[in-house]
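Worksheet: one structure, shown below.
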Amino acid sequence: QGWSRGIEAGKSGDELSDFIADMVHNPPPDIEASAQQHAREITLTQRMGDQGRSWQSALRGDLVRFVVPFFKIANNSLVWVGERTPLAGVYAKRNRDDWRAGGVRRKQVIARQALGLSAFAAMYTLVKTGTCTGQISNNKKIRDIAAMNGKKPFSCRIGDKYVRYDHYEPISTLLQL
């Protein structure tokens, strides 16, 4: 945001560098609050929306807490993916709100959608070239043949072995779509 604000203020060169350095070392309250919110988002611990909180309330109880102990993180992971899924991202409340706000927030929507589109394009290419796999098949015989050839579901070939990518949430959900 320091760079964006500096450019908007007409700064360049050393003046822009000094402006950015000052923002890093003495951030205005709105940027500090934005950084705190970003930290909560990347750790999937941000406050859930109304719908997520309704589901969490409905899932209260000892047995449900045992089966779904980390509902907030799972919910926030799906929200993260939804905000970055091309076309579907327009239905994400945050994306709509940020788009209407304009400025840096609109640029962030564009960046989230670009990230999602890039991830889809990259995975499509990697799967089509045989470098990565998705769900191999529902057919056990086909899965067994793939396993005999060293292929694993939801994996990418690095060197001569396949490494699974399906454990790296939330990005792995986006890649699996």
Side-chain angles (χ1 to χ4, degrees), residues 1-59 68 70-129 131-132 134-135 154 156 164-177:
Q1 289 185 356
W3 182 84
S4 295
R5 288 188 184 187
I7 294 296
E8 288 172 6
K11 301 188 183 309
S12 64
D14 288 342
E15 189 180 21
L16 177 60
S17 295
D18 292 343
F19 182 84
I20 293 170
D22 186 50
M23 298 252 323
V24 168
H25 296 292
N26 303 302
D30 66 314
I31 289 184
E32 193 161 349
S34 176
Q36 289 292 328
Q37 178 60 25
H38 181 69
R40 285 188 290 274
E41 289 171 13
I42 63 173
T43 57
L44 304 174
T45 58
Q46 76 268 27
R47 181 182 161 101
M48 292 185 295
D50 293 340
Q51 201 169 30
R53 286 194 310 275
S54 294
W55 274 103
Q56 188 175 36
S57 292
L59 296 174
V68 189
F70 303 106
F71 179 80
K72 182 177 187 178
I73 292 173
N75 176 77
N76 289 340
S77 178
L78 290 175
V79 169
W80 188 94
V81 170
E83 290 172 348
R84 287 155 183 82
T85 302
L87 302 178
V90 299
Y91 296 105
K93 181 182 182 325
R94 176 177 168 209
N95 283 356
R96 291 191 318 267
D97 292 346
D98 287 353
W99 186 265
R100 284 188 209 106
V104 171
R105 288 177 59 190
R106 180 175 286 178
K107 290 175 186 175
Q108 290 172 338
V109 172
I110 293 167
R112 284 191 293 269
Q113 289 292 287
L115 171 71
L117 185 59
S118 298
F120 279 126
M123 278 308 286
Y124 177 81
T125 301
L126 292 170
V127 168
K128 283 295 182 188
T129 60
T131 303
C132 293
Q135 179 178 342
F154 305 110
C156 291
R164 293 190 69 130
Y165 62 80
D166 61 339
H167 303 293
Y168 301 103
E169 289 297 342
I171 192 73
S172 63
T173 300
L174 186 64
L175 296 175
Q176 291 175 44
L177 295 177

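Quick caveat, the model's predicted, so the values are computed rather than measured. Hydrogens, waters and symmetry mates are skipped; everything else that's a heavy atom, side chains included, is used.
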Enter the distance from F19:CZ to D14:CG here, rounded to the nearest 0.5 Å. 15.0 Å
Value rounded to 0.5 Å, distance of OG1 in T43 from NE2 in H38: 9.5 Å
Least distance between heavy atoms, [X] atom then [Y] atom:
{"X": "F120", "Y": "P86", "answer": "CE1-CD, 2.7 Å"}
{"X": "M23", "Y": "G2", "answer": "CE-CA, 3.9 Å"}
{"X": "G134", "Y": "Y165", "answer": "CA-OH, 4.0 Å"}
{"X": "V81", "Y": "T85", "answer": "O-OG1, 2.7 Å"}

In sequence, state the C-alpha distance, the side-chain angles, and the governing distance for V79 and R94, and then conclude on side chain to side chain contact (heavy atoms under 4.5 Å, CB included). CA-CA 9 Å; V79 169; R94 176 177 168 209; over 6 Å; no
Side-chain donor-acceptor pair present, Q37, E41, cut-off under 3.5 Å: yes
Quick one: does Q113's side chain have a donor or acceptor within less than 3.5 Å of a partner on E83's backbone? yes
Is it the case that the side chain of R84 and the backbone of G89 share a donor-acceptor pair, with hydrogens and angles ignored and the cut-off at 3.5 Å? no
With S12, which residues qualify under side-chain contact (heavy atoms from CB on, under 4.5 Å), at least two apart? none
Hits for salt bridge (charged side-chain N to carboxylate O under 4.0 Å, His left out) against D30, two or more places apart or cross-chain, chain-then-number order -> R5
Acceptor/donor pairs from residues 97-110 side chains to any protein atom, 3.5 angstrom cut, sequence neighbours excluded:
| from | atom 1 | to | atom 2 | distance (Å) |
| --- | --- | --- | --- | --- |
| D97 | OD1 | R100 | NH1 | 3.3 |
| D97 | OD2 | K93 | NZ | 2.6 |
| D98 | OD1 | R105 | NE | 2.8 |
| D98 | OD1 | R105 | NH2 | 2.7 |
| D98 | OD2 | R112 | NH2 | 3.0 |
| R106 | NE | W99 | O | 3.0 |
| R106 | NH2 | W99 | O | 2.8 |

